[in-house]
Amino acid sequence: MSEHSHQVKELMGQAEHALDAVQAILDSVLANLKSRTQKGGQVSAAKIDDYQLIAYDAALSSAEASAARFMLDYATKVRVETGNTSKTLNLEDSLALFFCAEAIHSIRARLSARPDDFGISQTELTAKLESESVRGFCNSQLATQNIAALGKAVCELNGQVGAYLLDDHHQMMQDTFRRVANEVVMPLAKEIHQKDLIIPDAILEQVKELGCFGLSIPERFGGLQSDEQEDNMGMIVVTEELSRGSLGAAGSLITRPEILSRALLKGGTEEQKQQWLPKLAVGEILCAVAVTEPNYGSDVAAMRLKATKTEGGWLLNGAKTWCTFGGKAGVLLVLARTNPDLSLGHRGLSMFLAEKPTYDGHAFEYKQEGGGKLSGKAIATIGYRGMHSFEMFFDNFFVPDENLLGGPEGLGKGFYFTMAGFSGGRIQTAARAIGLMQVAFERAVSYAKDRLVFGKPIADYQLTQVKLARMAAYLAASRQFTYAVGRLMDTGKGDMEASMVKLFTCKTAEWLTREALQIHGGMGYAEETPVSRYFVDARVLSIFEGAEETLALKVIAPALVKNARDN
Ligand SMILES: Cc1cc2nc3c(=O)[nH]c(=O)nc-3n(C[C@H](O)[C@H](O)[C@H](O)COP(=O)(O)OP(=O)(O)OC[C@H]3O[C@@H](n4cnc5c(N)ncnc54)[C@H](O)[C@@H]3O)c2cc1C
């Protein structure tokens, strides 16, 4: 073994050891939270609410620790795949080691702010996270010189942050959709944003032609997915590339068919699958998701829109809001209360496929022959433009029996079908965040190299190099974390991890696009500069597909606590 590979091995070993120490502390935190939030042998959601800050921080810290672990695995894989025995660290090694130190530092800061509340002693914290080896590893990785050198190195790569490690099939998908993003989406994205236009056919037809709407639909129903196994990686790679072109005008097109097809595959009758999936797969019918209501968003189980039985079907009455693409869509996935007994909570909800004509404008009104009405009005937003998100009113809107998801068996199961759809939406949203970060990072690097301030390019200043290094490390970690969870989901697991990766990447995208804008100075704030759009677009990622607080408190923390050891 060469001296160098010894050195790499040693550094990787130090990082592994430091992450083990972090995990040991997080295990203590979770075990402690478990002992405080159990009721009758079960983890109680109400009791977790008594410890919201601790639960949120534990969820976020666990997400960071997982991302760090996946980064180390990734760096090792790159080394193996490239057979690299050179004398210097790979870029991927350097990014992984630096990201580990950043993650440890941030978790340590969080825990040491209030160890008592986390149920850990200062002695334990010091012994684990302030040990000579952990401190030594972090100090060397976080040294200014190390970070600035990394920043200089990434600056030379024109926005690339290391190998993607895709197989040939996914590499080909990436190449195809990068071309679509560069040649079709990017030239139109600015105008769509500035004029708040609906996505034009030039983009829609490309996306349809390339089969994007069928990415999560099995081949037997006309989609691109193998009948044997899910291929989340395909969906992730395509989403990432389209979002690099534009979040609102391309990258989010796949979210809706992703949610709807997962809900259909989970709960639809065979006839419903046969009827809807082939049409959705080829984009013959576009869809939208109408779950959120004016009074209920995060609390999905509390939705109120009423579905009343009538001859041959159901009458929908009430309001939905934020229904993205609701005008253009030919079918809406509507969550409605089929049982008026509110004490049933989520068990009173069912899912409907409500058909309607498609509209391009910012408002529409559709009257059914029988007198039912559906009206919609787009909500003006700061970003995420191209699809239009509608508030909608259903007035005795008729939906036939055959459009109740799952048929009579599906009555009362709408909440579960919604959740099945949302887990796909979450990993897809992580991929959207990566695409957005990638393009913001590319612009930041390019501007930093071109812009002269006080006589030299801003990329030559230490502070800019540090910024770029951190952006690169967080971007690479977000990507590899998302890929790892996508692969896990291919095996039928990973629902909680999908929430974790969504929480982490979306928060990261908000910060990273802010940094990209900041590097542009005043020009970053100009509407004509794309980074101003990336910044406002990124802001929505932590709100929809499960707001970050809801994911942390209602999905991630309860799952982690449930699996924690008993104290
Ligand atoms: C641009 C855009 C597009 C969207 N597209 C769609 C769509 O296509 N279909 C659809 O159905 N919905 C869509 N949504 C809605 C989105 O899913 C909701 O906004 C989201 O679920 C949050 O719900 P809310 O807005 O009602 O916030 P609320 O539920 O009112 O929450 C407000 C704040 O309180 C926090 N919070 C919630 N619970 C707790 C708690 N227990 N403790 C502490 N804090 C808490 C939340 O995290 C949030 O920060 C979209 C939203 C936006 C902005």
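Numbers here simply count residues along the sequence, with the first being 1. Both ligands and their constituent atoms are indexed starting at 1 by order of listing.
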*Identify, with sequence neighbours excluded, every residue that meets ring pair (Phe, Tyr, Trp, His ring centres under 6.0 Å) alongside Y56.*
none

*From the options F544, Y534, W322, F535, select the one residue that forms a ring pair (Phe, Tyr, Trp, His ring centres under 6.0 Å) with Y384.*
F544

*asked:* Which label fits Y416 and H346: parallel for a plane angle under 30°, tilted from 30 to 60°, or perpendicular past 60°?
replied: perpendicular

*Heavy atoms, side chains only, cut-off 4.5 Å: are M186 and R244 in contact?*
yes

*So do the side chains of N317 and F394 get within less than 4.5 Å of each other, counting heavy atoms only?*
no

*Decide salt bridge (charged side-chain N to carboxylate O under 4.0 Å, His left out) for E64 and R110; before the verdict, give the C-alpha distance in whole Å, the side-chain angles of both, and the deciding distance to 0.1 Å.*
CA-CA 12 Å; E64 286 171 346; R110 223 172 269 135; 3.0 Å; yes

List below, pair by pair, the N or O atoms of ligand 1 and of the protein that are less than 3.5 Å apart, including the distance to 0.1 Å; reply 'none' if no pair qualifies.
unit_1	atom_1	unit_2	atom_2	d
ligand 1	5 (N)	W322	O	2.9
ligand 1	5 (N)	T324	OG1	2.7
ligand 1	8 (O)	W322	O	3.2
ligand 1	8 (O)	T324	N	3.0
ligand 1	8 (O)	T324	OG1	3.4
ligand 1	9 (N)	V289	O	2.7
ligand 1	9 (N)	W322	O	3.3
ligand 1	11 (O)	V291	N	3.0
ligand 1	11 (O)	T292	N	2.9
ligand 1	11 (O)	T292	OG1	3.1
ligand 1	12 (N)	T292	OG1	2.7
ligand 1	23 (O)	S298	N	3.4
ligand 1	26 (O)	G297	N	3.4
ligand 1	29 (O)	S298	N	3.0
ligand 1	29 (O)	S298	OG	2.6
ligand 1	42 (N)	Q52	NE2	3.0
ligand 1	47 (O)	E549	OE1	2.5
ligand 1	49 (O)	E549	OE1	3.3

